[in-house]
Protein chains: 2
Amino acid sequence: MPTPFEVLALPLRREILDRLRAGPRLVGELAAELGVAQPIVSKQLKILRDSGFVAVQPDAQRRRYALRPEPLAAVADWLEPYRWLWERHLDRLGAHLDTMEDPS
Amino acid sequence: MPTPFEVLALPLRREILDRLRAGPRLVGELAAELGVAQPIVSKQLKILRDSGFVAVQPDAQRRRYALRPEPLAAVADWLEPYRWLWERHLDRLGAHLDTMEDPS
DNA sequence: CCCATAGATACCCTCCTCGGTATATACCCG
DNA sequence: CGGGTATATACCGAGGAGGGTATCTATGGG
């Protein structure tokens with residue numbers, strides 16, 4: 001199973017997630033909106049599914065895909081210790097210096 | 001030039017960034033800490049350099065690498081519209097519903 | 001000066017990913 | 001049931017990325 005970072009590396013997968021932000025979508029809807037062949041969307045959705053980015057709700061032959069938070073939250077968590085880099089307010093920097101230690 | 005997401009996809013590159021959080025490092029120091037051959041570290045540092053994640057400060061034959069904020073901030077910005085997914089407080093959700101629109 | 005040290009670059013080889021196309025599967029409807 | 005629709009899967013081929021090793025370049029020290 002790929003890491004969330006590897007999953008987000010492909011632009012098409014990020015675009016699928018962007019679309020799903022506006023609400024759940026069927027495979028065919030995504031393919032049409034993105035101008036991509038359906039099997040390609042299905043393949044990437046499988047990767048997004050396996051890595052927890054999306055969930056499926058079957059409805060007869062239709063599959064409705066929706067966002068799931070966990071992997072995105074994991075990426076946000078990884079980013080957190082870097083925040084002080086661009087949020088250079090002194091209070092945050094001070095908090096950073098308090099918690100800084102050599103990552104093992 | 002690869003996107004920040006593609007750069008972060010490789011675990012070794014993320015580990016390099018993690019080390020640099022504790023302060024600037026020489027190439028050899030990174031190689032030793034990570035248990036990786038020096039040319040491999042150099043190659044990944046070049047990618048991190050070209051994509052703006054790190055900056056170099058030459059010192060004779062030494063090269064001191066340090067973190068740079070921009071690409072990490074860009075990833076954080078991309079994540080921002082997803083935050084409501086896992087921070088499900090009603091006020092944030094309300095703010096989300098106010099700004100939600102179909103991404104073109 | 002010459003050697004040692006630090007780092008970058010070049011080259012090779014393998015493996016995996018991605019898109020494309022064809023085909024299979026599931027399900028509804030008439 | 002038969003055809004059509006919606007989606008998944010299989011297979012292929014090309015390209016690129018990553019690690020390994022050898023070598024080049026630059027610089028300081030004896």
Side-chain angles (χ1 to χ4, degrees), chain A residues 1-20 22-68 71 75 78, chain B residues 1-20 22-68 71 75 78:
Chain A
M1 188 162 25
T3 68
F5 295 96
E6 289 162 344
V7 173
L8 292 183
L10 189 73
L12 176 57
R13 285 192 290 257
R14 291 199 303 277
E15 289 190 36
I16 291 176
L17 296 177
D18 285 339
R19 300 291 172 158
L20 291 181
R25 290 276 193 293
L26 302 179
V27 179
E29 293 173 343
L30 286 170
E33 290 181 25
L34 298 171
V36 173
Q38 170 267 315
I40 296 180
V41 174
S42 278
K43 189 191 291 192
Q44 302 308 330
L45 281 172
K46 176 183 175 57
I47 294 173
L48 290 168
R49 223 189 309 136
D50 292 346
S51 51
F53 280 88
V54 300
V56 209
Q57 195 203 339
D59 165 24
Q61 334 113 27
R62 316 282 183 84
R63 307 284 139 131
R64 196 166 305 270
Y65 282 85
L67 281 179
R68 284 183 55 70
V75 173
W78 183 86
Chain B
M1 188 161 25
T3 69
F5 295 96
E6 289 162 345
V7 173
L8 292 182
L10 189 73
L12 176 57
R13 284 193 291 257
R14 291 199 304 278
E15 289 191 34
I16 290 176
L17 296 177
D18 285 339
R19 299 293 170 157
L20 291 181
R25 289 277 195 290
L26 301 179
V27 178
E29 292 173 345
L30 286 169
E33 290 182 24
L34 298 170
V36 174
Q38 170 265 315
I40 296 181
V41 174
S42 278
K43 190 192 289 192
Q44 302 308 330
L45 281 173
K46 175 182 174 60
I47 295 174
L48 290 168
R49 223 188 310 136
D50 292 346
S51 51
F53 280 88
V54 300
V56 209
Q57 196 204 338
D59 165 25
Q61 334 113 27
R62 317 281 183 82
R63 308 283 139 133
R64 195 167 305 271
Y65 282 85
L67 281 179
R68 284 183 56 70
V75 173
W78 182 86

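Predicted model only: the values in this text are computed from it and were never measured. Within every chain, numbering begins at 1; the chains are lettered A, B, ... in the order of the sequence lines, protein sequences first and strands thereafter.
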Novice: Report yes or no: do B:Gln44 and B:Arg13 form a side-chain donor-acceptor pair below 3.5 Å?
Specialist: yes
Novice: What nucleic acid atoms does A:Leu45 come within less than 4.0 Å of, heavy atoms only: base, sugar-phosphate, or nothing?
Specialist: nothing
Novice: The side chain of A:Leu12 lies closest to which of these nucleotides: C:dT9, C:dG19, D:dA8?
Specialist: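 So the nucleotide nearest the side chain must be C:dG19.
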Novice: Grab the CZ-P distance between A:Arg63 and D:dT5 for me, whole Å please.
Specialist: 18 Å
Novice: Less than 4.0 Å between a side-chain N and a carboxylate O, is that true for B:Arg14 and B:Asp18?
Specialist: no
Novice: Tell me which of B:Val56 and A:Val36 sits closer to the 5' end of DNA chain C, going by the nucleotide each one is nearest to.
Specialist: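 Its nearest nucleotide being more 5', the pick is B:Val56.
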Novice: Between P on C:dA8 and CD on B:Gln44, what's the gap in Å once rounded to a whole number?
Specialist: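 Distance check: B:Gln44 CD to C:dA8 P gives 12 Å.
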Novice: Starting at NZ of A:Lys46 and ending at P of C:dT25, how long is that distance when rounded to a whole Å?
Specialist: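 Whole-Å distance recorded here is 16 Å.
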Novice: Looking at B:Gly52 and B:Arg68, what are the two nearest heavy atoms and their distance?
Specialist: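 So the two residues come closest at O-CB, 3.3 Å.
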Novice: What is the nucleic acid contact for A:Arg64, judged by heavy atoms within less than 4.0 Å: base, sugar-phosphate only, or nothing?
Specialist: nothing
Novice: Donor-acceptor pair under 3.5 Å: do we get one between B:Gln38's side chain and the base of C:dA6?
Specialist: no
Novice: Rounded to whole angstroms, how far apart are CD on A:Glu6 and C1' on D:dG18?
Specialist: 12 Å
Novice: Just the rounded figure in Å: distance from P of D:dA6 to OH of A:Tyr65.
Specialist: 15 Å
Novice: Rounded to the nearest 0.5 Å, what separation is found between the CD atom of B:Glu6 and the CD1 atom of B:Ile47?
Specialist: 10.5 Å
Novice: CG of A:Asp59 versus P of D:dA8: gap in Å, rounded?
Specialist: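 So the CG-P distance, A:Asp59 to D:dA8, works out to 13 Å.
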Novice: Please tell me which of the listed nucleotides, D:dG18, C:dA22, C:dA8, lies nearest to the side chain of A:Pro39?
Specialist: C:dA22
Novice: Which residue, A:Leu10 or B:Gln61, contacts DNA chain C at a nucleotide closer to its 5' end, judged by nearest heavy atom?
Specialist: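 Nearer the 5' end of the strand: B:Gln61.
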Novice: Considering only heavy atoms from C-beta outward, does the side chain of A:Leu20 approach that of A:Leu48 to under 4.5 Å?
Specialist: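 Heavy-atom side-chain distance check fails, nothing below 4.5 Å.
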Novice: B:Lys43 has an atom NZ; how far is it from atom P of D:dC24, in whole Å?
Specialist: 18 Å
Novice: OP1 or OP2 of D:dA26 less than 4.0 angstrom from a side-chain nitrogen or oxygen of B:Arg62, does that happen here?
Specialist: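 Result: no.
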Novice: Starting at atom CD1 of A:Ile40, determine the distance to atom C1' of C:dG20, rounded to an integer number of angstrom.
Specialist: 6 Å
